[in-house]
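Report on the structure given below.
Please read these numbers as outputs of a predicted model, since none were measured by experiment.
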Amino acid sequence: MIRRDGRRAEPTQGARAWSQAPEPSPQHGVRPGATEPTRAHRPQGGSPYAPPQKPEPYADPYRRQADRVGPPVQPPRRTGPAAPPPQPPRPAKTRRKANWGRRIGLVLAALLVLVGGSVVYLDRGLNRVDALADYPGRIGDTPGTNWLLVGSDSRAGMTPEEEAALATGGDTGNGRTDTIMVVHIPKSGAATMVSIPRDSYVSIPGEGKNKVNAAFAIGGRQMLVQTVEEATGLRMDHYAEIGFGGFAGIVDAIGGVNLCVPYPIDDPLAGINLQPGCQDLNGAQALGFVRTRATPMADLDRMNNQRAFMSALLAQSTSIGTLINPFRLWPLVTKTADTIQVDEGDHLWNLAGLGWAMRSDLVTTTVPVGGFEVLDVGDVLLWDRERASSFFEALAEDRPIPPELLTTG
């Protein structure tokens, strides 16, 4: 043996290789010639020999045997790595929902722009007149909102054929008012529509006493507004006027108006022959209904018919069937904007507010009547001064009219 430093190593006494180990001496319990188990293979704390083992036959569970019953046992398949956990929904679905929301938003925005543009366009097309002019000693502002509604006998813009169809009797100019109404919209509660008979005998500023509709013939709209304000004690906030042709056109635009006629009316001058009962009236028939005086009480019945018609017209105009039907709503709005005349300070949304306030729970009445007389200006209607004073005082204070002052028939 050579050492690392080059010197020959001296053999160590007693150190031998494994192959040079002497045979173990026989011991008790060890057969001669048997090798004693080494320390590495010797069981700890017991016999130096391994425990006896009983051999068992090996059975291959995957080999089909002749005596086996049932389907063969299949060896387990190799499986790959465990499946990854489920992934969250892809952003594409969220994006799709967002896209739908964006589309709906764009459609709504487009509708708003369309409606807003249409309102502005129609508002600019309104026929505006200077009706609510200030004058010395004008009544101050009164609570609530007051409208003066005027139906004139104007045939402006009508052809001879249209005049014949509506039985207007030919063009007489714009000098008379067949209908005068005051609508009071309170801050809370139901609106009130008051008919002012056109033959009411009142004071006309600077002209003495005369029929109220003479104010329109003498001084036009401004004179009529001043006359009504001084007679009622109410300051008018808005003004609207419509002629024969526009009246009939609005009715036809919404497909007619359903009215309950209380008695038979046969009036060739108004162009109608109506039987009692609820029925749909077209524009020409509705115009004749509100114009006729061929009734038992003449002008008083006429005012009742006008109020009944206004209630029916507003109910039809603001019904769901009209509001959601563009083929009715658009002709109604355009016809109204084209034929009605309003004050310079009025707008389309003011008219919409008027219609909305009058759509339901509307109180309809007339000025308390005191009697009739024949004077130098013709047959006139006299107001009951005491009752009329209390009547308009309640409206001027934005209070409901006492029931005993209301005229329903």
Side-chain angles (χ1 to χ4, degrees), residues 131-132 134-135 137-151 177 179-203 205 212 215 224-241 299-300 303-315 317-318 342-343 345-347 349-371 381-409:
L132 302 178
D134 285 329
Y135 53 86
R138 187 181 184 189
I139 298 171
D141 190 22
T142 51
T145 302
N146 297 313
W147 280 82
L148 181 60
L149 305 182
V150 176
T177 52
T179 304
I180 303 174
M181 292 183 178
V182 172
V183 177
H184 176 76
I185 304 174
K187 293 182 179 179
S188 62
T192 302
M193 181 169 60
V194 182
S195 294
I196 297 180
R198 69 174 188 172
D199 292 336
S200 297
Y201 193 59
V202 297
S203 295
V212 67
L224 177 63
V225 171
Q226 183 176 352
T227 299
V228 172
E229 286 184 342
E230 292 183 354
T232 63
L234 300 173
R235 183 184 178 107
M236 298 298 117
D237 302 297
H238 304 279
Y239 177 89
E241 176 188 332
D299 269 339
L300 294 182
M303 290 185 296
N304 292 335
N305 293 344
Q306 290 171 353
R307 294 195 301 271
F309 167 78
M310 286 294 296
S311 299
L313 176 64
L314 290 168
S317 301
T318 58
V342 296
D343 182 66
D346 291 328
H347 297 278
W349 44 89
N350 298 129
L351 291 171
L354 171 65
W356 188 256
M358 297 173 62
R359 74 191 187 282
S360 61
D361 297 331
L362 179 66
V363 178
T364 61
T365 184
T366 188
V367 178
V369 177
L381 181 146
L382 304 177
W383 292 3
D384 185 326
R385 292 187 178 182
E386 183 178 352
R387 287 164 53 85
S389 177
S390 301
F391 181 96
F392 287 113
E393 183 180 352
L395 293 180
E397 296 176 355
D398 205 28
R399 294 185 288 106
I401 299 173
E404 62 272 13
L405 299 179
L406 296 176
T407 304
T408 58

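Although no hydrogens or angles enter the test, the distance criterion places a donor-acceptor pair under 3.5 Å between the side chain of Arg235 and the main chain of Ile139. A donor-acceptor pair is defined here as one N or O able to donate and one able to accept, closer than 3.5 Å; no such pair exists between the side chain of Asn146 and the backbone of Leu234. Formation of a donor-acceptor pair under 3.5 Å by the Ser389 side chain with backbone atoms of Arg385 is not found in this model.
Residues Phe391 and Trp383 place their aromatic rings such that the two centres sit no closer than 6.0 Å.
Closest heavy-atom contact between Ala396 and Gly233: CB-O, 4.1 Å. A pairwise comparison of heavy atoms in Ala190 and Asp361 identifies CB-O, 2.7 Å as the closest pair. Looking at every heavy atom in both residues, Gly355 comes nearest to Thr318 through O-CG2, 4.1 Å. Listed here is the closest heavy atom pair of Ala191 and Ala357: CB-O, 3.9 Å. Between Glu229 and Met236, the shortest heavy-atom distance links the atoms OE2-N, 2.9 Å.
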*asked:* As a quick check of understanding, evaluate side-chain contact (heavy atoms from CB on, under 4.5 Å) for Leu149 and Met310, giving each step before the final call.
replied: CA-CA 11 Å; Leu149 305 182; Met310 286 294 296; 4.2 Å; yes

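For the side chain to side chain donor-acceptor pair (under 3.5 Å) with His184, the lone residue among Thr145, Asp398, Thr142 that qualifies is Asp398. Screening Asp237, Thr232, Val225 against Leu148 for a side-chain contact (heavy atoms from CB on, under 4.5 Å) leaves a single residue, Val225.
Between Phe392 and Leu405 there is no side-chain heavy-atom pair separated by less than 4.5 Å. Using a 4.5 Å heavy-atom cutoff, the side chains of Arg138 and Leu132 are in contact. Side-chain contact check for Leu381 versus Val367: every heavy-atom pair is 4.5 Å or farther apart. Between Thr407 and Val369, the closest side-chain pair of non-hydrogen atoms is not below 4.5 Å. At a threshold of 4.5 Å between non-hydrogen side-chain atoms, the residues Ile180 and Val212 count as touching. With a 4.5 Å cut-off on side-chain heavy atoms, Asn350 and Leu354 do not count as touching.
Judged purely by distance below 3.5 Å, without hydrogens or angles, the side chains of Glu230 and Tyr135 never pair a donor atom with an acceptor atom.
The CD1 atom of Ile196 lies 11.5 Å from the OG1 atom of Thr179; values are rounded to the nearest 0.5 Å. From Met358, atom CE reaches atom OG1 of Thr364 across 9.5 Å, with rounding to the nearest 0.5 Å. Atom CE of Met181 and atom OG1 of Thr366 lie 9.0 Å apart (nearest 0.5 Å). The CG atom of Asp346 lies 5.5 Å from the NE2 atom of His238; values are rounded to the nearest 0.5 Å. Between the OG1 atom of Thr177 and the CZ atom of Arg198 there is a distance of 8.0 Å, given to the nearest 0.5 Å. Rounding to the nearest 0.5 angstrom, the gap separating the OG1 atom in Thr365 from the CG atom in Leu406 is 5.0 Å.
Listed by first then second residue, pairs satisfying salt bridge (Lys or Arg N to Asp or Glu O under 4.0 Å) with a partner in residues 180-190 number zero, not counting sequence neighbours.
At most 12 heavy atoms of other shown residues, nucleotides or ligands fall within 6.0 angstrom of atom CD in Glu386. A 6.0 Å sphere centred on CG of Asp134 holds more than 12 heavy atoms belonging to other residues, nucleotides or ligands.
Under the salt bridge (charged side-chain N to carboxylate O under 4.0 Å, His left out) criterion, Asp384 pairs with Arg387, sequence neighbours left out. For Leu382, the side chain to side chain contact (heavy atoms under 4.5 Å, CB included) partners two or more places apart in sequence, or in a different chain, are Tyr201, Glu373, Val380.
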